[in-house]
Amino acid sequence: IIILFSFPITTLISEGIFRVTYFSSMHTLTVFIVLGISADNIFVLFDAWRQSEKLNPKIMDTKTKRLAYTWRRAVRAITVTASTTAVAFAANIFSPLMPIAAFGIFAGTIIPLNFVLIITIFPAAIIIYDEKLKNAKCFRRCSSRSHTEVQVFDKNIEFAEKKTFF
């Protein structure tokens with residue numbers, strides 16, 4: 001949903017503020033770019049949330065402290081990736097070819113906008129998941145396993161040794 005919000009807002013900004021009305025099939029390819037970057041950003045935020053659960057319980061005694069830790073930890077990494085990607089696309093603005101420049105404006109706008117939407121909306125989604133959905137029947141079966149058991153076969157040993165990987 002966050003990714004879908006990025007497109008109409010970016011269109012409003014590029015057409016309303018930058019006055020670029022050109023829209024080509026190349027602009028539609030930003031869907032795949034934004035999906036990849038957003039999935040990575042969401043993974044980084046959610047992984048930081050899961051790691052905060054393993055920290056000292058005296059320090060992380062409330063969800064507010066956990067979310068503050070998660071946000072500080074994840075936003076640094078997300079900021080670097082989003083800013084470098086946005087600058088790379090914005091460099092296309094200087095192209096003498098109008099379709100490439102228009103694409104640069106659109107892609108250079110949607111990446112930081114998506115970054116802002118993810119760091120403001122997704123933390124609330126994490127809290128909703130943790131309070132309402134984490135222990136729901138439909139999620140419990142799949143998420144109850146915190147590790148994966150794999151059978152490792154060794155050529156020199158005639159039996160399978162069961163190892164647990166985290």
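What's counted below: heavy atoms across the whole structure, side chains too, no hydrogens, waters or symmetry copies. Positions are given from 1 along the sequence.
Side-chain contact check for Phe23 versus Thr28: some heavy-atom pair is nearer than 4.5 Å. Taking the side chain as every heavy atom from C-beta outward, Phe7 and Val31 approach each other to under 4.5 Å. You'll find the side chain of Thr70 stays beyond 4.5 Å of the side chain of Phe46, heavy atoms only. Considering only heavy atoms from C-beta on, Ile118 comes within 4.5 Å of Leu45 through its side chain.
Ile42 is not connected to Ile128 by any chain of hydrophobic side-chain contacts under 4.5 Å among Ile, Leu, Val, Met, Phe, Trp and Tyr, and they are in different clusters. Leu12 is not connected to Val116 by any chain of hydrophobic side-chain contacts under 4.5 Å among Ile, Leu, Val, Met, Phe, Trp and Tyr, and they are in different clusters. Under the 4.5 Å side-chain heavy-atom criterion for grouping Ile, Leu, Val, Met, Phe, Trp and Tyr, Val75 is connected to Ile2 within one hydrophobic cluster. Both Leu133 and Ile126 are members of a single hydrophobic cluster when ILVMFWY side chains are connected at heavy-atom separations under 4.5 Å. The hydrophobic cluster containing Phe115 also contains Ile17, counting ILVMFWY residues as joined when their side-chain heavy atoms lie under 4.5 angstrom apart, directly or transitively.
Ser83 places a side-chain N or O within donor-acceptor distance of the main-chain N or O of Val80, the cut-off being under 3.5 Å. A distance-only check finds a donor-acceptor pair linking the side chain of Thr120 to the backbone of Leu117 [under 3.5 Å]. Using a distance-only test at 3.5 Å, with no hydrogens or angles considered, no donor-acceptor pair links the side chain of Ser38 to the main chain of Leu35. Side chain of Thr30 to main chain of Ile33: no donor-acceptor pair is present (N/O by atom type, distance under 3.5 Å, no hydrogens or angles). Counting only distance, with no hydrogens or angles, the side chain of Trp49 and the backbone of Leu67 share no donor-acceptor pair below 3.5 Å.
At most 12 heavy atoms of other shown residues, nucleotides or ligands fall within 6.0 angstrom of atom CZ in Phe5. When the shell of 6.0 Å around CD1 of Ile1 is examined, it contains 12 or fewer heavy atoms from other residues, nucleotides or ligands.
Of the charged side-chain nitrogens involved, at least one lies within less than 4.0 Å of a carboxylate oxygen, so that Glu53 and Lys134 count as a salt-bridged pair.
The two residues Asp130 and Arg66 make their nearest non-hydrogen contact at OD2-NH1, 4.1 Å. When all heavy atoms of Gly104 and Asn92 are compared, the pair lying nearest together is CA-CB, 3.7 Å. When all heavy atoms of Ile127 and Lys63 are compared, the closest pair comes out as CD1-CB, 4.3 Å. Nearest heavy-atom pair across Thr81 and Ile78 is OG1-O, 3.0 Å. Residues Tyr69 and Ala48 approach most closely at CE2-O, 4.2 Å, considering heavy atoms.
From Asp40, atom CG reaches atom CD1 of Ile37 across 8.5 Å, with rounding to the nearest 0.5 Å. To the nearest 0.5 Å, atoms OG1 (Thr85) and CD1 (Ile110) are separated by 12.5 Å. Within the model, atoms CG of Leu113 and CD1 of Ile9 stand 5.0 Å from one another, a figure rounded to the nearest 0.5 Å. Put simply, CZ on Phe103 and CD1 on Ile93 are 11.5 Å apart, with the number rounded to the nearest 0.5 Å. Between Thr84 atom OG1 and Ile111 atom CD1 the span is 10.0 Å, to the nearest 0.5 Å. Here the CD1-CD1 distance, from Ile105 to Ile13, works out to 12.5 Å after rounding to the nearest 0.5 Å.
The aromatic ring centroids of Phe106 and Phe89 lie 6.0 Å or more from each other.
Residues Ser24 and His27 have side chains that bring a donor and an acceptor to within less than 3.5 angstrom of each other.
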